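Treat the numbers as computed from the prediction; the structure is a model and nothing was measured. Numbers restart at 1 for each chain; the letters A, B, ... are given by sequence-line order, proteins then strands.
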There are 2 protein chains.
Amino acid sequence: MNKAQLIESIQKALGAETTKKHAGEALEAVLDGITKGVKKDGNVQLIGFGTFKVSSRAARKGRNPKTGEAMKIKASKSVRFVASSNIKKGLK
Amino acid sequence: MNKAQLIESIQKALGAETTKKHAGEALEAVLDGITKGVKKDGNVQLIGFGTFKVSSRAARKGRNPKTGEAMKIKASKSVRFVASSNIKKGLK
DNA sequence: ATTCGATTAGTTGTGCTTTGTTCATGAATG
DNA sequence: CATTCATGAACAAAGCACAACTAATCGAAT
């Protein structure tokens with residue numbers, strides 16, 4: 001599924017008077033809200049969906065896979081997602 | 001950040017004529033859309049935010065953490081999230 | 001403001017998974 | 001069209017998922 005397909009799904013869920021444009025704006029508002037919340041608070045917990053958390057990794061040794069040359073991988077931060085029990089149901 | 005706080009953030013982003021109720025409905029529509037998309041297609045790719053993917057784990061041995069007794073953990077599926085480079089920016 | 005059912009967090013131990021490095025290329029997205 | 005993403009290579013250590021069960025938290029309903 002891509003963004004356009006998700007927007008259609010959202011439009012259907014919100015009802016016939018919702019335009020694609022509005023559905024798209026809703027999606028952007030949600031993703032932006034999550035992004036900002038993770039950045040500000042370090043986590044966004046959505047019960048029944050999952051929790052977005054900032055994860056940190058220390059600097060470590062790695063390699064350039066092309067040359068095999070050892071190199072340093074800098075410390076980094078990323079966003080991880082802990083899936084709720086609810087979203088796991090019915091997966092195939 | 002929790003759901004109520006995210007709804008406020010969404011309401012602000014969508015504009016003053018959007019009620020808390022509508023913002024909440026938008027959030028539910030988005031989360032439902034993602035949930036259904038992952039279940040149906042195995043992945044939901046949202047450029048600039050990240051990609052939700054189904055992940056599978058084989059059965060393995062685990063323990064009852066209370067008693068230490070060994071037991072089998074069944075094969076399972078979950079939803080993992082690969083953060084886009086954009087969402088990683090500005091994390092602290 | 002309160003209630004309470006539903007969901008999540010936490011506990012230990014261990015083996016599997018993820019991550020990130022460079023860089024070229026092509027595909028997909030918006 | 002500009003930007004992002006996926007892919008692949010080798011590698012190894014950090015990180016994480018899970019078990020059962022109880023305590024803690026959340027949030028929809030009142």
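Atom CD1 in I73(B) sits about 10 Å away from atom C1' in dG13(C), given to the nearest Å.
Heavy atoms of K77(B) sit nowhere under 4.0 angstrom from any nucleic acid atom. Among the atoms of the strands shown, none is found under 4.0 Å from any heavy atom of K20(A). If you check every strand for non-hydrogen atoms under 4.0 Å, T67(B) touches nothing.
Both V54(B) and I34(B) belong to a common hydrophobic cluster when Ile, Leu, Val, Met, Phe, Trp and Tyr are linked at side-chain heavy-atom distances under 4.5 angstrom. Hydrophobic clustering of Ile, Leu, Val, Met, Phe, Trp and Tyr side chains at less than 4.5 Å, counting indirect connections, keeps I47(A) apart from L6(B).
In this structure, R63(B) CZ and M71(B) CE are separated by 11.5 Å, a value rounded to the nearest 0.5 Å. Taken from CG in L91(A) to OG in S76(B), the straight-line distance is 9.5 Å, to the nearest 0.5 Å.
Comparing dG27(D), dA9(D), dT14(C) by their closest approach to the side chain of K3(B) singles out dG27(D).
OP1 or OP2 of dG27(D) has at least one side-chain nitrogen or oxygen of N2(B) nearer than 4.0 Å.
Checking side-chain atoms of Q5(A) against main-chain N and O of N2(A) turns up a donor-acceptor pair under 3.5 Å.
Few gaps surround NZ on K39(A); more than 12 heavy atoms of other groups in view lie less than 6.0 Å from it.
Toward the 5' end of DNA chain D, the nearer of the two residues P65(B) and V82(B), judged by each one's closest nucleotide, is V82(B).
The aromatic rings of F49(A) and F52(B) sit perpendicular, their planes meeting at an angle over 60°, well past the 30° parallel limit.
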Could you list all N or O pairs between the protein and nucleotides 15-18 of chain C that sit under 3.5 Å apart?
residue: dT18(C); atom: OP1; partner: R80(B); partner atom: NE; Å: 3.3

Every protein N/O lying under 3.5 Å from an N/O of nucleotides 3-8 of chain C:
residue: dT8(C); atom: OP1; partner: G48(A); partner atom: N; Å: 3.0
residue: dT8(C); atom: OP2; partner: S85(A); partner atom: N; Å: 3.4
residue: dT8(C); atom: OP2; partner: S85(A); partner atom: OG; Å: 2.9
residue: dT8(C); atom: O3'; partner: Q45(A); partner atom: NE2; Å: 3.3

